[in-house]
Protein chains: 2
Amino acid sequence: MPDQHSPLRAQRRAETQRTLQAHAVRLFTERGYDATTVTDVAEAAGMSPMTVYRHFPTKEDLVLVDHNGRLVAERIAASSAAQPLVRRIGNALIDSAATLTGSGRGDDGTASRQFLLARLRLMISTPALRARHLDNHYALQQAIVDALGAGAGDAADPETAFRAQAAAGACLAAMHTALMRWAEDDGRTELPHLIAKALAAAFGDDVVGAGPDA
Amino acid sequence: MPDQHSPLRAQRRAETQRTLQAHAVRLFTERGYDATTVTDVAEAAGMSPMTVYRHFPTKEDLVLVDHNGRLVAERIAASSAAQPLVRRIGNALIDSAATLTGSGRGDDGTASRQFLLARLRLMISTPALRARHLDNHYALQQAIVDALGAGAGDAADPETAFRAQAAAGACLAAMHTALMRWAEDDGRTELPHLIAKALAAAFGDDVVGAGPDA
DNA sequence: ACCAATCTGGTAGTGGCTACCACTCAGGTA
DNA sequence: TACCTGAGTGGTAGCCACTACCAGATTGGT
């Protein structure tokens with residue numbers, strides 16, 4: 001984790017990571033994940049296999065890198081604690097999805113949305129990636145529980161934590177269903193809308209969407 | 001899949017698989033999953049590494065083998081279609097858990113429960129196993145959707161399937177939370193009760209437990 | 001006694017991944 | 001300019017999961 005020292009270093013580092021990931025997703029999509037070796041990716045990006053492992057701990061991470069966990073956690077922490085758990089979590093997921101898929105600012109984010117879709121398709125079709133993707137959800141679940149203040153706050157009530165984990169896990173599962181559907185539709189349907197529909201299907205129409213939003 | 005031809009063959013096969021799995025879980029628990037090689041397991045069981053791979057396609061499967069998917073599916077198919085989705089699924093999960101952990105008949109299933117706990121602990125602590133375990137849940141989710149008649153029945157309404165998937169995924173996530181808690185408690189709390197509590201936390205106390213059961 | 005299917009074991013090889021070490025190149029200091 | 005540090009990069013060798021491909025052994029049924 002050598003980065004924050006020099007902003008220029010960090011920038012170059014992020015650059016090569018993006019390059020590497022782009023080549024990886026392209027090759028995996030073209031030839032298949034298992035049929036593509038890390039060496040292939042390295043050659044396509046014009047570096048040595050060693051360098052790939054410097055930037056991505058495993059081959060799977062070439063597809064799975066994700067930084068939106070913090071986004072969700074922030075929105076949850078900012079939401080009103082008076083609302084029911086699933087509404088707090090659900091709204092945070094919907095808002096984060098809107099931020100992710102909505103056009104960034106000015107440029108419609110078609111390119112990045114296509115990239116996200118390509119990664120998602122790989123995750124769905126490749127068992128190893130699918131498994132690790134779900135495990136990432138598990139980590140995100142912990143982050144959500146912490147953001148709810150139920151994790152290891154001052155009074156770590158195991159009962160409260162248990163409830164929060166159950167709710168968070170269920171919400172994430174619903175979101176996952178929405179993600180799958182989104183990928184099937186090639187991103188034509190709006191993702192936030194799909195997530196809202198999935199949450200409504202699981203928890204009932206009254207739970208999500210109503211109430212004051214943070 | 002060469003088995004059903006001779007019942008004697010199948011029996012011996014199942015025997016060696018149990019032996020192999022027992023040694024594997026023991027060694028993994030003692031030395032750690034990553035620190036134990038497949039060759040170690042093979043030696044402990046007195047066979048060649050090759051034979052291990054004949055019976056278990058991957059090292060992970062030595063811990064993850066599970067046959068209770070059918071159990072859940074049957075209970076769901078037998079439940080009344082008039083009830084809300086999450087209640088049908090939730091009750092099926094609770095009943096299956098009761099069947100699994102409850103003393104079989106006569107002998108209290110302490111040994112098998114300890115074995116189940118050991119496997120669960122491995123799944124929780126080892127990232128690779130955790131990931132594949134969650135992926136198995138994904139497969140179970142599909143089975144549930146099919147059992148609900150929403151999968152590929154005559155009229156495969158994508159909207160119905162979507163709702164069923166969201167509900168099933170959410171229920172399984174809640175059950176997973178209960179499983180974790182059960183493992184933390186070393187199985188002291190009754191698993192069905194924990195699952196019911198997790199479902200209630202996610203979906204509300206009124207959804208689960210009430211209504212006529214199938 | 002025979003046949004066929006199955007179970008088992010061995011060898012060799014691929015590919016992900018990890019040490020351990022060496023080189024290059026930017027940036028700051030004297 | 002000369003020097004030093006530290007990050008980025010590359011190479012070699014090796015472990016281990018896993019997979020062909022092939023060969024012997026054992027079992028069940030005839």
Side-chain angles (χ1 to χ4, degrees), chain A residues 1-21 23-25 27-28 31-65 122 126-132 135, chain B residues 1-21 23-25 27-28 31-65 122 126-132 135:
Chain A
M1 18 322 205
D3 36 21
Q4 22 261 51
H5 286 298
S6 166
L8 204 149
R9 298 281 203 204
Q11 189 180 340
R12 292 181 81 84
R13 191 174 171 79
E15 175 82 18
T16 57
Q17 284 184 7
R18 266 194 302 275
T19 307
L20 229 25
Q21 204 182 27
H23 281 286
V25 170
L27 288 179
F28 292 161
R31 312 182 194 170
Y33 179 79
D34 292 319
T36 309
T37 72
V38 174
T39 307
D40 291 339
V41 176
E43 280 178 3
M47 349 185 160
S48 105
M50 296 300 310
T51 308
V52 178
Y53 283 112
R54 305 257 187 236
H55 290 273
F56 297 90
T58 75
K59 182 186 180 184
E60 294 158 359
D61 286 295
L62 281 166
V63 179
L64 292 167
V65 189
L122 282 171
T126 310
L129 292 177
R130 198 174 52 208
R132 279 227 26 201
D135 193 51
Chain B
M1 10 333 207
D3 35 21
Q4 20 261 53
H5 285 299
S6 166
L8 205 150
R9 298 282 204 198
Q11 190 179 340
R12 291 181 80 83
R13 191 174 173 79
E15 175 82 18
T16 56
Q17 284 184 6
R18 266 195 302 274
T19 306
L20 229 26
Q21 204 181 26
H23 282 286
V25 170
L27 288 180
F28 292 160
R31 312 182 194 171
Y33 178 80
D34 292 319
T36 309
T37 71
V38 174
T39 307
D40 292 338
V41 176
E43 280 178 3
M47 349 185 159
S48 104
M50 296 299 311
T51 309
V52 179
Y53 283 113
R54 306 257 184 231
H55 290 272
F56 297 90
T58 75
K59 183 186 180 184
E60 295 158 357
D61 286 295
L62 280 166
V63 178
L64 293 168
V65 190
L122 282 171
T126 310
L129 293 176
R130 198 175 53 210
R132 277 231 22 202
D135 194 49

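Each chain gets a letter, A, B and so on, in the order the sequences are listed, and its residues count up from 1.
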So, does Arg12(B) get its side chain near the phosphate of dC7(C), meaning an N or O under 4.0 Å from OP1 or OP2?
no

Check the phosphate of dT6(C) against Arg13(B), side-chain N and O only, distance under 4.0 Å to OP1 or OP2. Yes or no?
no

Lys59(B) NZ to dT19(D) C1', in whole Å, measures 17 Å

For Thr39(B), answer base if it contacts any base atom (sugar-phosphate contacts may also be present), sugar-phosphate if it contacts only those atoms, and nothing otherwise; contact means non-hydrogen atoms under 4.0 Å.
nothing

Distance in angstrom units between Glu60(A) CD and dG16(C) P, rounded
11 Å

Would you give the length of the straight line joining atom CZ of Arg132(B) to atom CG of Asp61(B), rounded to the nearest 0.5 angstrom?
4.5 Å

In whole angstrom, what separates Leu20(A)'s CG from dG8(D)'s P?
14 Å

To check you understand the geometry: which heavy-atom pair defines the closest contact between His55(B) and Thr16(B), and what is its length?
CE1-OG1, 3.3 Å

Go through residues 48-57 of chain A and report each residue with a non-hydrogen atom lying under 4.0 Å from DNA chain D, sorted by number.
Ser48(A), Met50(A), Thr51(A), Arg54(A), His55(A)

Roughly how many Å is it from CD in Gln11(B) to P in dG28(D), rounded to a whole number?
11 Å

In this structure, how many angstroms lie between the C1' atom of dT19(D) and the CG atom of Asp61(B), rounded?
15 Å

Does the pair Arg18(B)/Glu15(B) count as a salt bridge with the N-to-O cut at 4.0 Å?
yes

In whole angstrom, what separates Glu43(A)'s CD from dG10(D)'s C1'?
14 Å

When rounded to the nearest 0.5 angstrom, what is the spacing between CZ in Arg31(B) and OG1 in Thr36(B)?
5.5 Å

Between atom CG in Asp34(A) and atom P in dT14(C), what is the gap in whole Å?
17 Å

Just verifying a value: how many Å separate Gln21(B) CD and Leu64(B) CG, rounded to the nearest 0.5 Å?
9.0 Å

Kindly indicate whether the side chain of Gln17(B), heavy atoms from C-beta on, has any atom under 4.5 Å from the side chain of Val65(B).
no

How many whole angstroms separate atom CG of Leu62(B) from atom C1' of dC18(D)?
13 Å

Quick one: are Leu62(A) and Phe28(A) in side-chain contact, heavy atoms under 4.5 Å?
yes

For Thr58(A) and Gly46(B), take the nucleotide of DNA chain C holding the closest heavy atom to each; which residue's nucleotide lies nearer the 5' end?
Gly46(B)

What's the closest nucleotide to the side chain of Thr37(B) if the choices are dG10(D), dC16(D), dC7(C)?
dC16(D)

